[in-house]
Amino acid sequence: MASVLQKLITPLSSGPLEPPRNKVTVVGVGQVGMACAVSVLLRELADELALVDVIEDRLKGEMMDLQHGSLFLKTPKIVSGTDYSVTANSRIVVVTAGVRQQEGESRLNLVQRNVNIFKHIIPQIVRYSPDCILIVVSNPVDVLTYVTWKLSGLPKHRVIGSGTNLDSARFRYLMAERLGIHPSSFNGWILGEHGDSSVPVWSGTNVAGVSLQKLNPDIGTDTDAENWRETHKKVVDSAYEVIRLKGYTNWAIGLSVADLTESLMKNLNRVHPVSTMVKGLYGISDEVYLSLPCVLNSAGVGSVVNMSLTSDEVSQLKKSADLLWHIQKDLKDL
Amino acid sequence: MLVSCWYLYLGAQRLYRHVLSMASVLQKLITPLFSGTLEPPRNKVTVVGVGQVGMACAVSILLRELADELALVDVVEDKLKGEMMDLQHGSLFLKTPKIVSGKDYSVTANSRVVVVTAGVRQQEGESRLNLVQRNVNIFKHIIPQIVRYSPNCILIVVSNPVDVLTYVTWKLSGLPKHRVIGSGTNLDSARFRYLMAERVGIHPSSFNGWILGEHGDSSVPVWSGANVAGVNLQKLNPDIGTDTDKENWKETHKKVVDSAYEVIRLKGYTNWAIGLSVADLTESLMKNLSRVHPVSTMVKGMYGIGDEVYLSLPCVLNSAGVGSVVNMTLTADEISQLKKSADMLWHIQKDLKDLER
């Protein structure tokens with residue numbers, strides 16, 4: 001009375017199941033979380049994917065929908081649960097959970113609400129994956145990356161904020177469009193605080209090593225006849241614009257997170273603008289997270305590239321640092 | 001004399017510097033070489049409808065790097081523009097250099113493959129016939145415009161009920177039948193292979209199994225064909241798929257039928273799996289692969305079916321569309337199930353109004 005399985009398959013190695021070697025967890029299965037998950041799956045970066053959220057039905061539905069696509073994927077195990085045990089042994093954990101700003105809500109209140117959520121999430125992640133690297137995506141990302149670092153007890157090189165990675169991607173896309181080339185062929189960095197006061201490093205912009213600032217010394221200033229500064233403004237506005245049009249953004253941030261994940265998983269030592277702990281750099285004396293060009297490898301942030309910034313750019317960074325510290329110092333129970 | 005020459009020289013130098021500084025960064029940076037007209041796209045894909053399914057198809061196609069141009073069309077302008085912008089902002093990470101959108105179908109011109117995900121979902125208590133007639137009215141607006149701007153395209157219909165709407169699309173488009181495909185049981189088969197493979201402990205791609213016929217509750221699992229590495233499961237267990245089967249393999253097919261409802265109940269809709277499956281079809285069409293997929297095609301004249309209906313059969317897909325159909329060896333029971341589906345579909349279709357162009 002042997003079953004089909006017994007007749008069909010003869011087991012060879014019957015030891016305990018191998019633990020996953022390239023497991024990725026995504027916390028939060030909203031639009032951003034699922035865009036990250038799908039990008040990671042389609043880039044074939046993980047041998048196991050875990051999804052966590054608090055809404056059980058939605059979580060199970062998303063997991064099933066991804067599993068049903070398994071024929072077309074190379075990630076053989078996709079799991080989910082409200083219990084963090086499903087996340088055990090992750091190499092990378094992407095945190096997209098948290099609340100969005102209600103109308104009229106102060107940043108501080110938003111941050112405190114998210115701190116309370118993260119107080120539940122972060123220790124559980126670290127408990128089940130003590131060697132993981134955390135990528136924080138939830139906004140305001142620089143503050144929440146600091147919060148995550150504090151709550152996790154992990155060394156600073158293993159806690160990264162998605163930071164200005166997306167701003168830089170948008171910048172490179174918009175600049176490249178003006179020049180008629182592919183974004184990957186336009187080199188340009190946006191650093192500092194993710195959001196309205198991000199810093200475009202005009203001195204570094206170049207195509208094939210040709211510095212744009214040498215071609216146009218006014219680039220990025222108010223006196224620039226070609227108004228290149230407008231392009232950075234469009235980067236800052238684009239998030240608001242997309243949210244106004246479709247209610248949220250998800251595809252671009254998902255793709256950018258998969259890009260970071262690839263560098264970490266494959267130990268590539270590629271340089272990305274991500275949010276890292278900058279105390280001691282550029283005269284900043286507070287423990288704040290800001291985006292700088294970071295070398296990412298399987299240990300996390302291997303090192304930081306020392307940008308040659310103008311004194312104006314350095315003062316913008318310092319101002320952001322002060323603003324962020326002003327918000328952080330009042331947070332309770334970290 | 002010398003003085004005037006000197007001033008002339010100074011003036012010329014200032015003019016030269018002025019002219020040099022007037023050149024834009026673009027002009028200084030880039031020297032055009034070939035300035036002919038822009039090349040038309042060679043591998044353009046259009047997705048009609050930017051709901052959850054449409055966007056899942058779009059993202060899957062982008063991440064599989066199948067298109068050199070992607071066009072999105074919908075009627076809700078804000079959402080359409082927002083989705084286009086969100087994809088464009090990811091351009092750094094993609095190899096599809098042109099992403100466009102618009103309410104006007106001119107943006108879809110010169111597409112090789114057009115994926116149709118537009119249409120309405122069943123309201124509670126709504127009859128299938130009413131749903132179909134409402135979608136016919138929507139398709140009457142969409143399909144002729146698609147064909148007008150991409151007369152050589154291949155249409156993949158995803159909207160439900162897919163078999164009926166693929167028939168409707170074929171009629172409205174005036175295209176030859178091999179260029180109108182319904183996503184059909186492609187997804188059902190993918191789910192079947194996943195669930196069966198899980199029971200056997202292997203990857204879905206290593207489990208061969210086909211679900212054919214009508215997409216939905218009365219799909220036909222071809223148990224006689226189920227195999228791993230050529231080893232026929234029905235030979236190992238002759239009761240497989242029947243009610244007397246102790247191992248209850250039939251339950252797995254039932255789970256396939258139920259899984260769509262289950263996912264909809266849990267998260268409100270399904271999109272990721274259908275998006276991935278559409279990208280898989282698109283790959284075969286774009287790359288002229290002649291791979292065999294279970295998709296909805298015009299089956300009149302096969303298996304004794306006398307009406308013009310669309311049902312899923314194993315189709316060889318290449319750059320012309322459905323190159324050919326594989327003749328399955330079906331049991332008498334399986335054939336009668338197909339015939340029954342065909343009759344039911346024709347019963348719905350014969351009452352549809354205004355399908356001729």
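Excluded from the calculations below are hydrogen atoms, water molecules and symmetry mates; all remaining heavy atoms, backbone and side chain alike, are included.
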**Request:** Against chain A, label B:Leu29 side chain, backbone, both or neither, depending on which of its atoms sit under 4.5 Å from a heavy atom there.
**Result:** both

**Item:** chain A interface, residue from B:Ser205, B:Ala58, B:Ser277 that has the most non-hydrogen pairs under 4.5 Å
**Value:** B:Ser277

**Request:** Below 4.5 Å from any heavy atom of chain B, which atoms of A:Ser39 appear? Answer side chain, backbone, both or neither.
**Result:** both

**Asked** Given that the side chain runs from C-beta out, which part of B:Glu77 has a heavy atom under 4.5 Å from chain A: side chain, backbone, both or neither?
**Response** neither

**Message:** Taking A:Arg270 first and then A:Glu262, would you say they form a salt bridge - that is, a charged N and a carboxylate O separated by under 4.0 Å?
**Reply:** yes

**Asked** Is the closest basic N to carboxylate O distance between A:Asp57 and B:Lys267 below 4.0 Å?
**Response** no

**Message:** Please classify the contact between A:Arg178 and chain B as side chain, backbone, both or neither, with a heavy-atom cut-off of under 4.5 Å.
**Reply:** backbone

**Asked** Under a 4.5 Å heavy-atom cut-off, does chain B meet the side chain of A:Glu62, its backbone, both or neither?
**Response** both

**Request:** Return the minimal non-hydrogen interatomic distance between B:Ser189 and B:Gly209, and the atom names on each side.
**Result:** CB-O, 4.4 Å

**Item:** Minimum heavy-atom distance A:Leu260-A:Ser162, with the two atoms named
**Value:** CD1-CA, 4.3 Å

**Request:** Would you mind checking if A:Asp47 and A:Arg21 are paired as a salt bridge, meaning a charged N to carboxylate O distance below 4.0 Å?
**Result:** no

**Asked** Charged N to carboxylate O under 4.0 angstrom, A:Lys233 versus A:Glu230?
**Response** no

**Message:** Whether B:Arg199 engages the ring of B:Trp249 as a cation-pi pair (distance to the six-membered ring centre under 6.0 angstrom, angle to the ring normal within 45°) should be assessed.
**Reply:** yes

**Request:** Between chain B and each of A:Gln67, A:Met64, A:Lys60, count heavy-atom pairs under 4.5 Å; write down the option with the most.
**Result:** A:Gln67

**Message:** Taking side chain as everything from C-beta outward and backbone as N, CA, C, O, which of these in B:Leu94 sits under 4.5 Å from a heavy atom of chain A? Side chain, backbone, both or neither.
**Reply:** both

**Request:** Name the region of B:Phe93, side chain, backbone, both or neither, that has any atom closer than 4.5 Å to a heavy atom of chain A.
**Result:** both

**Item:** Pair B:Asp245 + B:Lys250, salt bridge at N-O below 4.0 Å
**Value:** no

**Item:** CG-SG distance between B:Leu62 and B:Cys57, expressed to the nearest 0.5 angstrom
**Value:** 11.0 Å

**Request:** Please flag which part of B:Gln52 lies under 4.5 Å from any non-hydrogen atom of chain A: side chain, backbone, both or neither.
**Result:** side chain

**Prompt:** Quick one: what part of B:Glu65 sits under 4.5 Å from any heavy atom of chain A, side chain, backbone, both or neither?
**Reply:** side chain

**Request:** Counting only heavy atoms closer than 4.5 Å, note whether B:His203 contacts chain A via side chain, backbone, both or neither.
**Result:** side chain

**Complete:** Comparing B:Leu233, B:Ile240, B:Ile202, B:Asn271 against chain A, the one with the most heavy-atom pairs below 4.5 Å turns out to be B:Asn271

**Prompt:** Is the NZ or CZ atom of B:Arg193 positioned over B:Trp210's six-membered ring, under 6.0 angstrom from the centre and within 45° of the axis?
**Reply:** no

**Asked** What part of A:Ile9 gets closer than 4.5 Å to chain B, counting heavy atoms only: side chain, backbone, both or neither?
**Response** side chain

**Asked** Which one of A:Pro76, A:Ser238, A:Ala258 has the most heavy-atom pairs closer than 4.5 Å to chain B?
**Response** A:Ser238

